[in-house]
Amino acid sequence: MPMEKNFDAAEAEARISAMWDKAGAFKAGANASHAETFSIMIPPPNVTGNLHMGHAFNNTLQDILTRWHRMRGFDTLWQPGTDHAGIATQMVVERELAQAGEPGRREMGREAFVKRVWQQKVKSRGNIKGQLERLGASCDWSREAFTMSGAPGAPAGEEGNFHDAVIKVFVDLHTKGLIYRGKRLVNWDPHFETAISDLEVEQTEVDGFMWHFKYPLAGGETYEYVEKDEDGKVTLRETRDYISIATTRPETMLGDGAVAVHPGDARYAAIVGMLCEIPVGPKQHRRLIPIITDDYPDPTFGSGAVKITGAHDFNDYGVAKRNGIPCYRLMDTKAYMRDDGAPYAEAASLAQRIVEGADFTEAEIDAINLVPDEYRGLDRLIARKRVVEAITAEGLAVTYLHKEIDAETGAEDLSRRPFVEAKKIMQPFGDRSKVVIEPMLTDQWFVDTAKIVQPAIDAVRDVRTKILPEQHEKVYFHWLENIEPWCISRQLWWGHQIPVWYGPKPTADGVAAVAGGSLHFCATTWQDAKEKALAHYQTIVPGKITVSENRDNREQPTFGGLIRSGDPSKPKLQRVNVTLFRDPDVLDTWFSSGLWPIGTLGWPEQTPELEKYFPTDVLITGFDIIFFWVARMMMMQLAVVDQVPFHTVYVHALVRDEKGKKMSKSLGNVLDPLDLIDEFGADAVRFTVTAMAAMGRDLKLSKDRIAGYRNFGTKLWNATRFAEMNGVFPVAATPSPRPEAPKATANKWIIGETARAVAETDAALAEFRFNDAATGLYAFVWGRVCDWYVEFAKPLFDGPEAQETRTTMAWVLEQCFILLHPIMPFVTEELWQITGTREKLLAHVDWPDYGIDLVDEAAEREMRWVISLIEEIRSARAQMHVPAGLQLAMVATQFDAPARAAWDRNEALINRLARIDSLIEVKAVPKGSITVAVEGATFALPLAGVIDVAEEKSRLSKTLEKIEKDLNGLRSRLNNPKFVESAPDDVVEDTRDKLALADEETAKLRAALRRLDDIG
RNA sequence: GGGUGAUUAGCUCAGUGGUAGAGCGCUUCGUUCACAUCGAAGAUGUCGGGGGUUCAAAUCCCUCAUCACCCACCA
């Protein structure tokens, strides 16, 4: 059956995908012919997600490497899977609940909600897979992994032990003291009501204000305030009874614990140690706070004095910690001003006692609510506005003199106005919620990254892991060398629940039921936690504690028993019941995806796959998750199994729209890869991103470019169709054997060109130069095979070398299918299948390795000569407006032996492609002819009466001019003794050759011009 | 404030020391049998500015300009 005129991608891709799938073509180890392995882990897409262009790009590159290695006989694994993506998924499900008008998360309760998210996950499980299959990704789907597989509550079909791996790592790191719980200032997302890590915060510049307020000195004290300029000249001297403070967040003044100045700041030296009053809140309860010194304040900025609100600012927190200043939490989990019913007056007096030196525990300080009644329950921003209004009304805002001249009377009016600066401020936003992040003092779990970071740094320094392009190594090092503790607890429901159980701490006089539990037991199961707790309690209160099941929740065991308490001399037995409860928080998603390389291979079990495919070879990922994911995988794999997770990290850039804008839903410039695949076919989309994948550069995607590469597929299709029409296909043997000792130069030449293409493709892929591989193959297939070899074959098919030409063409085209297959798997597989009865899938055909022995240099030289002759004739004809269809007779006026031999061997080719019908040798150039000069020969096309002499003259002059320009350059270089002396020999040689050639040509052109003068 | 990258044909971009390339677009010509999603021919660049190193610079160094991104606590 003759081939269709075009490849029908829409029809064929699904069929081919199904064929690969049915054959199990991509299973780990499929087509392995030697023991060497190649493994690559997909960066797991979010389970709720859709494939976007970044995924299409990323997965195309992974697929190219995977297919290439599989064809080369490696034991290959491309591990697919998805990430549970805690915040993102919880957000999606909550939004869907809201849209459907169903009860929200909190109304549903945790168990029901998590069940609902699992349903969502199962529903969308096929989504990502289907999208990747449409792209042609050759993942081993039988091994599909999920970062929460095997977690409690997982439905049937979601078995697996990823959860076990995560829990085990948490427990192990905790046991080693690498994970700890602490009350620290963290980034708090008021929308999701959870802590997030530093990396999940985006700093954005917004318009804000800086207010300047007066904090009056306690007891009406005054001091001499002196300001000097750079030269030490006094610019201001006044008596003040206050200290001036600048702030962008007046609402946090309610939680101030101190005012800090720089120790070297002479302006304030006299008042350091004194108390000042926070100028807000009920007058009778105004709080006094100390003026302290710390290196943090910058004397040249603002007034040089900084209010210290340890619970709501990262810098202030540091100052507070260093100086023993209490941190008062002012807001609730939604970032509204605390409204808990506790009386303000009492809180203010407690705070005052702390200033006076009273000792309070952190928990006690945390319980103090210093928000006055009128601000309670307000949004941060509203509270800010009210505070500013109140202070201003009271006259405690710093003011400046404003001069106004009355237009009518000309009277000067001097008034004081509040000093408020409009200011660009960097404000933190949640990367998911997009709401303003509030620093909050909460209890969280942290990984002590400082203790596990060094191996991750060393591994890249020692090149056990190579990061490409190299510029990213610097970024990697910089981040790791300045690493902060990693907050891994999230107050969410969708995720791995933290394997820690809390229990109250028994004291000598019984059990102190401390809120939150003051003892914690970290264990992989509640049973283990129970044992640990029991053992611990028994040490403290020997022999008196027993354990009993908790009827309400067996996973929260209750301990009961008689405890000796009271005065040891008169002991009293007291009955107590203690219930262990599990930490409700879940782990940061990246904690589990950080274990992706080993987790997907079955760790902690020592599976054969773990043995074989770990460490993996390559990780291909975007630069945006180097910190989130790459660095953490490095740290965690090294900490857990003491090996690097991958040998090479290839970091690719961003896919942007054609204007260079980042694709985003809000801009509406998102190109959906599936739409593009529908329109142009997967191969075209793949080839496009591959051709644009220059290392480290963003790529701007335009449809024109994709259409161009779609045409490339069509071109290959039609070259094959031509071959088929000429009896080249179908072939009997598969793959087609390489023709032995062909006679036609064109056949020898294309075999060499093919060998070069193989070598270049291999070299490019080995160095991750995907764009070079793609553009090199494009140039080979279109520029050499289609443009020239197919054209050469036409006359050869009518000649004595017809059979060897068929053999050669079958071989060459099959090599094209093979070489292009990693980039364009569908069209090549289809061509492979329809051009013969194939035993193997193209996806499993052996990748060639010919070396350059197949290159026949003489044939190469000869074909270059033939091609340049044809081009010269065509060019001359076109410029002289010779009708394209007109067959011409040609004369040779000069013809050396090698040129003559080349002509003789390729006469049929040249005649056909240049539309020449005869060649005779003459001594004299016929009148009215155009000249064609090539190496070793000069030809003329007699066109008396047809050509315009003036036009031919100008054509020749133009050509001559160009060559002479080159010639001069070459000559001056060779005339420079230093050049001949210093330049490498081959460069000098090359230059000499070029000069000789140019000399020859100019001579011929000059001669031709002279002849035109004669007749003209 | 620190860091990284970019600046090459009308557009989008390749090009790590030997006198500039591709795709798209543009101009002219061409449908007899692989392909009009095509073919043939053609035009277009002091490689951001300035300086330096070198026999030789788009390429290496310095500097300036513009743009982009990343990191960072200036109240």
Side-chain angles (χ1 to χ4, degrees), chain A residues 3 5-7 203 210 245-249 252 260 296-298 300-309 313-319 423 425-426 428 439 469 471-472 474-475 478-479 482 623-624 626-627 653-654 656 658-660 662 680 684 688 691-692 694 696-705 707-726 769 771-772 775 778-779 783 786-787 790-791 793-794 870-871 874-879 881-885 913 965-966 969-970 972-973 976-984 986-988 990-991:
Chain A
M3 285 171 69
K5 218 166 171 182
N6 286 306
F7 174 59
Q203 301 286 343
M210 191 153 76
I245 300 294
T247 179
T248 56
R249 301 199 57 196
T252 65
Y296 164 61
D298 173 359
T300 64
F301 185 85
S303 67
V306 186
K307 64 193 257 328
I308 301 302
T309 319
D313 183 282
F314 284 96
N315 292 310
D316 293 4
Y317 182 69
V319 177
K423 189 170 161 37
I425 49 178
M426 292 301 273
Q471 78 221 33
H472 288 291
K474 271 190 193 170
V475 183
H478 183 259
W479 190 72
N482 296 283
F623 69 89
D624 48 335
I626 292 180
F627 305 142
L654 228 55
R656 296 170 179 277
E658 53 193 315
K659 293 188 192 78
K662 206 166 165 173
F680 300 103
T688 306
M692 305 210 296
R697 287 275 296 244
D698 284 350
L699 44 109
K700 292 181 194 153
L701 199 62
S702 78
K703 282 195 173 188
D704 286 348
R705 194 84 188 253
Y709 290 121
R710 185 263 327 267
N711 297 352
F712 176 57
T714 308
K715 189 76 181 175
L716 176 67
W717 181 269
N718 278 293
T720 309
R721 185 160 162 261
F722 164 81
E724 189 215 29
M725 293 168 94
N726 285 280
R769 289 181 285 114
N771 57 324
D772 286 343
T775 50
Y778 185 97
C786 293
D787 284 350
V790 168
E791 295 304 325
K794 287 174 183 173
I870 293 167
E871 282 174 342
R874 280 174 171 175
S875 174
R877 289 177 59 128
Q879 284 181 56
H881 310 298
V882 178
L913 297 182
K965 211 178 135 198
D966 279 352
L970 293 167
S972 70
R973 281 168 73 186
N976 182 345
K978 277 190 178 165
F979 170 72
V980 184
E981 213 173 283
S982 333
D986 57 328
V987 173
V988 177
D990 210 43
T991 312

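Here is how names work: the chains are called A, B, and so on, in the same order as the sequence lines, proteins then strands, and each is numbered from 1.
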>> With a 4.0 Å cutoff (strictly under), does any side-chain N or O of K423(A) reach OP1 or OP2 of rA75(B)?
In response: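 So the side chain of K423(A) is within the cut-off, an N or O lying under 4.0 Å from OP1 or OP2 of rA75(B).
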>> Does rA40(B) have its OP1 or OP2 closer than 4.0 Å to a side-chain nitrogen or oxygen of S875(A)?
In response: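 Checking rA40(B) against S875(A), no side-chain N or O comes under 4.0 Å of OP1 or OP2.
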For [X], enumerate each residue passing the side chain to side chain donor-acceptor pair (under 3.5 Å) test, keeping only those at least two apart in sequence or located in another chain.
{"X": "S875(A)", "value": "Q879(A)"}
{"X": "D298(A)", "value": "T300(A)"}
{"X": "R705(A)", "value": "Y709(A)"}

>> Has R874(A) got a side-chain atom pairing as donor or acceptor with L913(A)'s backbone, closer than 3.5 angstrom?
In response: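 Yes.
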>> Closer than 3.5 angstrom, by distance alone: can the side chain of S982(A) be matched with the main-chain N or O of F979(A) as a donor-acceptor pair?
In response: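 No, because the side chain of S982(A) does not come within donor-acceptor range (under 3.5 Å) of the backbone of F979(A).
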> Which range-with-range stems can be found for RNA chain B when each stem has 3 or more Watson-Crick or G-U pairs in a row and both distances sit under 3.5 Å?
Replying inline: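 Only these stems qualify: B:1-7 with B:65-71, B:10-13 with B:21-24, B:26-30 with B:38-42, B:48-52 with B:60-64.
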Distance, [atom1] atom - from [M] to [N], rounded to whole angstrom:
{"N": "rA58(B)", "M": "rG17(B)", "atom1": "P", "result": "13 Å"}
{"N": "rA40(B)", "M": "rU31(B)", "atom1": "P", "result": "15 Å"}
{"N": "rG15(B)", "M": "rA6(B)", "atom1": "C1'", "result": "15 Å"}
{"N": "rA9(B)", "M": "rG23(B)", "atom1": "P", "result": "16 Å"}
{"N": "rG5(B)", "M": "rC24(B)", "atom1": "C1'", "result": "26 Å"}
{"N": "rA57(B)", "M": "rG51(B)", "atom1": "P", "result": "13 Å"}

> Is M3(A) close to N718(A) at the side-chain level, that is, under 4.5 Å between some pair of heavy atoms?
Replying inline: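 When only atoms from C-beta onward are counted, M3(A) and N718(A) do not touch, as no gap falls below 4.5 Å.
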> So do V987(A) and T991(A) actually touch side chain to side chain, heavy atoms under 4.5 Å?
Replying inline: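 Heavy-atom side-chain distance check passes, below 4.5 Å.
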>> If the condition is side chain to side chain contact (heavy atoms under 4.5 Å, CB included), which residues does D990(A) pass it with, not counting sequence neighbours?
In response: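 Only K994(A) meet the side chain to side chain contact (heavy atoms under 4.5 Å, CB included) criterion with D990(A).
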> What residues form a side chain to side chain contact (heavy atoms under 4.5 Å, CB included) with K423(A), not counting sequence neighbours?
Replying inline: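 Only M210(A), F301(A), I425(A) meet the side chain to side chain contact (heavy atoms under 4.5 Å, CB included) criterion with K423(A).
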> Looking at rG42(B), rA75(B), rG23(B), which one has an atom nearest to any side-chain atom of R705(A)?
Replying inline: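 Nearest listed nucleotide: rG23(B).
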> If you check every side-chain atom of F623(A), which of rA75(B), rG42(B), rC69(B) has the closest atom?
Replying inline: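 For F623(A), the side-chain atoms sit closest to rC69(B).
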Polar atom pairs between nucleotides 7-11 of chain B and protein, under 3.5 Å, N or O only, would you list them?
none

Nearest-angstrom distance from the residue atom [atom1] of [X] to [atom2] of [N]:
{"X": "M692(A)", "N": "rG23(B)", "atom1": "CE", "atom2": "P", "value": "15 Å"}
{"X": "H881(A)", "N": "rU27(B)", "atom1": "NE2", "atom2": "P", "value": "17 Å"}
{"X": "F627(A)", "N": "rG3(B)", "atom1": "CZ", "atom2": "C1'", "value": "11 Å"}

Nucleotides 53-62 of chain B: which of its N/O atoms have a protein N/O under 3.5 Å away?
unit_1  : atom_1 : unit_2  : atom_2 : d
rC55(B) : O2'    : N976(A) : ND2    : 2.8

>> Going by the rule ring-ring contact (aromatic ring centres under 6.0 Å, His included), which residues pair with F7(A) if we only count those two or more places apart in sequence or in a different chain?
In response: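 By the ring-ring contact (aromatic ring centres under 6.0 Å, His included) rule, F7(A) matches W717(A).
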>> Taking ring-ring contact (aromatic ring centres under 6.0 Å, His included) as the definition, give me every residue that meets it alongside F627(A), ordered by chain and number, with sequence neighbours left out.
In response: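 For F627(A), the residues satisfying ring-ring contact (aromatic ring centres under 6.0 Å, His included) (neighbours in sequence not counted) are W479(A).
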>> To check you understand the geometry: which heavy-atom pair defines the closest contact between P439(A) and R249(A), and what is its length?
In response: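 That closest heavy-atom pairing would be CD-NH1, 4.3 Å.
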Between the protein and nucleotides 34-37 of chain B, which nitrogen or oxygen pairs come in under 3.5 angstrom?
unit_1  : atom_1 : unit_2  : atom_2 : d
rA34(B) : O3'    : R721(A) : NH1    : 3.4
rA34(B) : O2'    : N718(A) : OD1    : 2.9
rA34(B) : O2'    : R721(A) : NH1    : 2.7
rA34(B) : N7     : K794(A) : NZ     : 3.4
rA34(B) : N6     : C786(A) : O      : 3.4
rA34(B) : N6     : E791(A) : OE2    : 3.1
rA34(B) : N3     : N718(A) : O      : 3.2
rA34(B) : N3     : A719(A) : N      : 3.3
rC35(B) : O4'    : N718(A) : OD1    : 3.2
rC35(B) : O2     : K715(A) : NZ     : 2.9
rC35(B) : N3     : K715(A) : NZ     : 3.0
rA36(B) : OP1    : K5(A)   : NZ     : 3.3
rU37(B) : O4'    : N711(A) : OD1    : 3.3
rU37(B) : O2     : R710(A) : NE     : 3.0
rU37(B) : O2     : N711(A) : OD1    : 3.2
rU37(B) : O2     : T714(A) : OG1    : 2.7

> By salt bridge (charged side-chain N to carboxylate O under 4.0 Å, His left out), which residues pair with K794(A), not counting sequence neighbours?
Replying inline: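 Testing K794(A) for salt bridge (charged side-chain N to carboxylate O under 4.0 Å, His left out), a comparison that skips the adjacent residues, returns E791(A).
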